[in-house]
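Here, residue 1 is the first one in the sequence, and each next residue gets the next number. Note that the coordinates shown come from a computational prediction; the quantities given were computed from them, not determined experimentally. All values below were derived from every heavy atom in this structure, side-chain atoms included, with hydrogens, water molecules and symmetry-related copies excluded.
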Amino acid sequence: MHAWLLPSTRAIFPRMKISRLCVGLVVGLGFAQLMAETPSPGRDINAVLAAHDRQLLELPDVVGVYVGVLADGKTPFLKVMLARPTPETERKLPREIEGYPVVTEISGEIRPLRL
């Protein structure tokens with residue numbers, strides 16, 4: 001195709017320099033790719049915990065559940081506290097619930113404090 005048949009980019013984007021247009025396009029495409037690869041959970045993690053806490057607490061050796069944040073400081077997850085690690089419980093625990101990761105922690109037995 002001849003160059004004179006294509007519209008000039010200056011006619012389409014008169015005030016924008018071509019370099020800015022290219023940088024914006026690359027950043028936009030990169031962000032779109034990141035969003036496509038990163039699943040976003042559908043509802044608030046606290047609502048997810050409230051909907052599934054009883055189900056998790058019924059599993060053997062589960063003594064608590066709470067919401068935590070991964071080391072990146074941004075990604076929320078569901079923490080499941082175990083009295084002791086057992087293969088049975090590990091098999092029954094899901095790796096994620098409604099898009100949020102599930103992480104286990106060995107806390108030991110939890111008993112009420114006697115005064």
Side-chain angles (χ1 to χ4, degrees):
M1 185 171 250
H2 295 290
W4 58 271
L5 292 176
L6 296 174
S8 166
T9 54
R10 293 240 181 252
I12 298 171
F13 303 102
R15 293 186 177 168
M16 187 179 291
K17 291 186 177 183
I18 297 301
S19 61
R20 286 185 187 169
L21 176 63
C22 290
V23 168
L25 184 61
V26 169
V27 169
L29 289 174
F31 183 71
Q33 179 69 22
L34 176 66
M35 294 305 292
E37 291 174 1
T38 308
S40 62
R43 61 180 173 158
D44 179 67
I45 193 165
N46 294 303
V48 172
L49 179 62
H52 296 277
D53 61 352
R54 287 189 179 155
Q55 171 191 357
L56 292 168
L57 288 167
E58 288 176 356
L59 294 173
D61 296 312
V62 173
V63 293
V65 292
Y66 65 92
V67 172
V69 179
L70 293 177
D72 65 5
K74 298 184 279 188
T75 308
F77 68 91
L78 298 170
K79 179 75 87 160
V80 177
M81 300 165 54
L82 299 174
R84 67 193 63 75
T86 62
E88 176 190 4
T89 304
E90 292 289 337
R91 274 193 311 275
K92 290 182 179 182
L93 279 174
R95 296 201 187 275
E96 71 174 40
I97 297 176
E98 294 188 33
Y100 293 105
V102 175
V103 178
T104 59
E105 171 186 355
I106 310 306
S107 62
E109 291 289 334
I110 297 178
R111 296 185 198 127
L113 180 65
R114 295 187 183 194
L115 299 175

Novice: Write down the atom of Thr104, the atom of Glu90, and the distance for their closest heavy-atom approach.
Specialist: OG1-OE2, 3.9 Å
Novice: Quick one: closest heavy-atom pair of Tyr66 and Leu49, and the distance?
Specialist: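 Distance-wise, the nearest heavy atoms are CA-CD2, 4.0 Å.
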Novice: Please report the closest heavy-atom contact between Pro94 and Ile97, naming both atoms and the distance.
Specialist: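 In this case the closest contact between Pro94 and Ile97 is CG-CG1, 3.6 Å.
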Novice: Enumerate, atom names and distances included, each donor-acceptor pair closer than 3.5 Å involving a side-chain atom of residues 106-115, sequence neighbours excluded.
Specialist:
{"from": "Ser107", "atom 1": "OG", "to": "Leu82", "atom 2": "O", "distance (Å)": "3.4"}
{"from": "Glu109", "atom 1": "OE2", "to": "Arg84", "atom 2": "NH2", "distance (Å)": "2.7"}

Novice: Is there a path of hydrophobic side-chain contacts, each under 4.5 Å between heavy atoms, that joins Val69 and Met81?
Specialist: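 No, it is not one cluster - the side chains of Val69 and Met81 are not joined through contacts under 4.5 Å.
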Novice: Where is the tightest heavy-atom contact between Phe77 and Val103, given as atom of each residue plus distance?
Specialist: CD1-CG2, 3.6 Å
Novice: Which pair of heavy atoms, one from Pro76 and one from Pro101, lies closest together, and at what distance?
Specialist: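 Smallest heavy-atom distance, with atoms named: O-CD, 3.6 Å.
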Novice: Pro60 and Thr89: which non-hydrogen atoms are nearest, and at how many Å?
Specialist: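 In terms of heavy atoms, the two residues are closest at O-OG1, 2.7 Å.
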Novice: Please answer: with hydrophobic residues joined when any side-chain heavy atoms are less than 4.5 Å apart, are Leu93 and Val63 in the same cluster?
Specialist: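 In one cluster: no.
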Novice: Is it true that Lys92 and Glu88 make a salt bridge, defined as a side-chain N closer than 4.0 Å to a carboxylate O?
Specialist: yes
Novice: Should Leu70 and Val48 be regarded as members of a common hydrophobic cluster, given that ILVMFWY residues are connected when their side-chain heavy atoms come within less than 4.5 Å of each other, either directly or indirectly?
Specialist: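 The answer is no; the residues belong to distinct hydrophobic clusters.
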Novice: Begin from the C-alpha positions of Val65 and Leu78 and carry the test side chain to side chain contact (heavy atoms under 4.5 Å, CB included) through to its verdict.
Specialist: CA-CA 7 Å; Val65 292; Leu78 298 170; over 6 Å; no
